[in-house]
Amino acid sequence: MPGRRTSTMELLAAEAAGRGMPVRAAEEPGLTGPAYWYGGPVAGARLAGRLGFALLEPTDGWLAELPEEFTGRQVRAGTLADAWALDRPTFVKPPRDKSFPAEVHGDGSRLPADLDPATPVLLSEVVTFAAEYRLFLLDGRIAAASRYAVFGRLDPRPLGPDREDRSTAAQLAEFTEPFQGGHRSGDGRMLTGEEEPAGLPSG
């Protein structure tokens, strides 16, 4: 991990240590791999060779290439020059880094003017998300899931065993079925490995 840790990093470090994995600051002199990396892509690219890991990331336009039935909105890949020309409210974000905040812009005039016009961006029509969930897939199956935000405000919470969460888990499993290599149980729920078909594991 980077030497300067966040609260999320501290939680992950405690979990890793509990599984017998030593947690070290990546900047420590003489540190070598192989290693698992948790941190940003810029530092990761600098340290990958020495620590023996590879960074995996999709292409800049992968979200725009998904069918609209999965995104729920129109998304297109473009450049910052395209975004500067916007004349209506649009959600604009960099596809990989955080060179500028990801947010809704009334038009292109408020976007950064000091960046390369060819900087890649994703442009999306404006929508409201009642709730946002984050799913983690491993070997084509959901390994963990949790709520991330409610109406745009950070509100993380693991999915529990109560009826509402079980209903949410079933909806998430059905929605993500095309992305999974799993199969359905007799009552229509998605199985995510060897666990009982009670829903999705929290994460």
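Under a hydrophobic clustering in which Ile, Leu, Val, Met, Phe, Trp and Tyr are joined whenever their side-chain heavy atoms come within less than 4.5 Å, directly or via other members, Val121 and Val126 fall into different clusters. Transitive grouping of hydrophobic side chains (ILVMFWY, heavy atoms separated by less than 4.5 Å) brings Phe53 and Leu31 into a common cluster. With hydrophobic clusters built from ILVMFWY side chains whose heavy atoms lie under 4.5 angstrom apart, Leu47 does not share a cluster with Tyr38. Follow the hydrophobic side-chain contacts under 4.5 Å out from Val23 and you reach Leu12 in the same cluster. Connection of Phe91 to Leu63 is not established within any shared hydrophobic cluster, with ILVMFWY side chains joined at heavy-atom distances below 4.5 Å, either directly or through further cluster members.
Taking all atoms of both residues into account, the shortest heavy-atom contact from Leu122 to Asp60 is CD2-O, 3.6 Å. Residues Ala145 and Leu135 come closest through the heavy atom pair CB-CD2, 3.2 Å. Residues Pro95 and Pro120 approach most closely at CD-O, 3.2 Å, considering heavy atoms. Looking at every heavy atom in both residues, Leu51 comes nearest to Ala26 through CD1-CB, 4.2 Å. Shown here for Ala83 and Leu111, the closest heavy-atom pair between the two residues is CB-CD1, 3.4 Å. Heavy atoms only, all atoms of each residue included: Phe129 and Arg73 are closest at CZ-NH1, 3.7 Å.
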Can you list the steps and then say if Arg166 with Glu164 is a salt bridge (charged side-chain N to carboxylate O under 4.0 Å, His left out)? CA-CA 5 Å; Arg166 288 170 65 92; Glu164 182 179 351; over 6 Å; no
Salt bridge (charged side-chain N to carboxylate O under 4.0 Å, His left out) assessment of Asp107 paired with Arg88: CA-CA 5 Å; Asp107 57 43; Arg88 64 183 182 278; over 6 Å; no
Between Val92 and Leu86, is a side-chain contact (heavy atoms from CB on, under 4.5 Å) present by the stated rule, with each step listed? CA-CA 10 Å; Val92 186; Leu86 292 171; 3.9 Å; yes
side-chain contact (heavy atoms from CB on, under 4.5 Å) evaluation trace for Leu55 with Trp37: CA-CA 9 Å; Leu55 297 177; Trp37 168 249; 3.9 Å; yes
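Below 30°, between 30° and 60°, or above 60°: for Phe100 and His105 the angle between ring planes is above 60°, a perpendicular geometry.
Dense packing is recorded around CZ of Arg50, with more than 12 heavy atoms of other residues, nucleotides or ligands lying under 6.0 Å away. Residue-environment remark: CD (Glu68) exceeds the threshold of 12 foreign heavy atoms within 6.0 Å.
Remark: Tyr148 OH to Glu132 CD distance equals 6.5 Å, nearest 0.5 Å. In this structure, CG on Leu172 lies 13.5 Å from CZ on Arg134, to the nearest 0.5 angstrom. Within the model, atoms OG1 of Thr119 and CG of Asp82 stand 11.5 Å from one another, a figure rounded to the nearest 0.5 Å.
One N or O on the side chain of Glu125 and one on the backbone of Gln74 form a donor-acceptor pair closer than 3.5 Å.
Tyr133 does not carry Arg147 over the face of its six-membered ring by the limits of under 6.0 Å from the centre and within 45° of the normal.
At a threshold of 4.5 Å between non-hydrogen side-chain atoms, the residues Leu115 and Ser99 count as touching.
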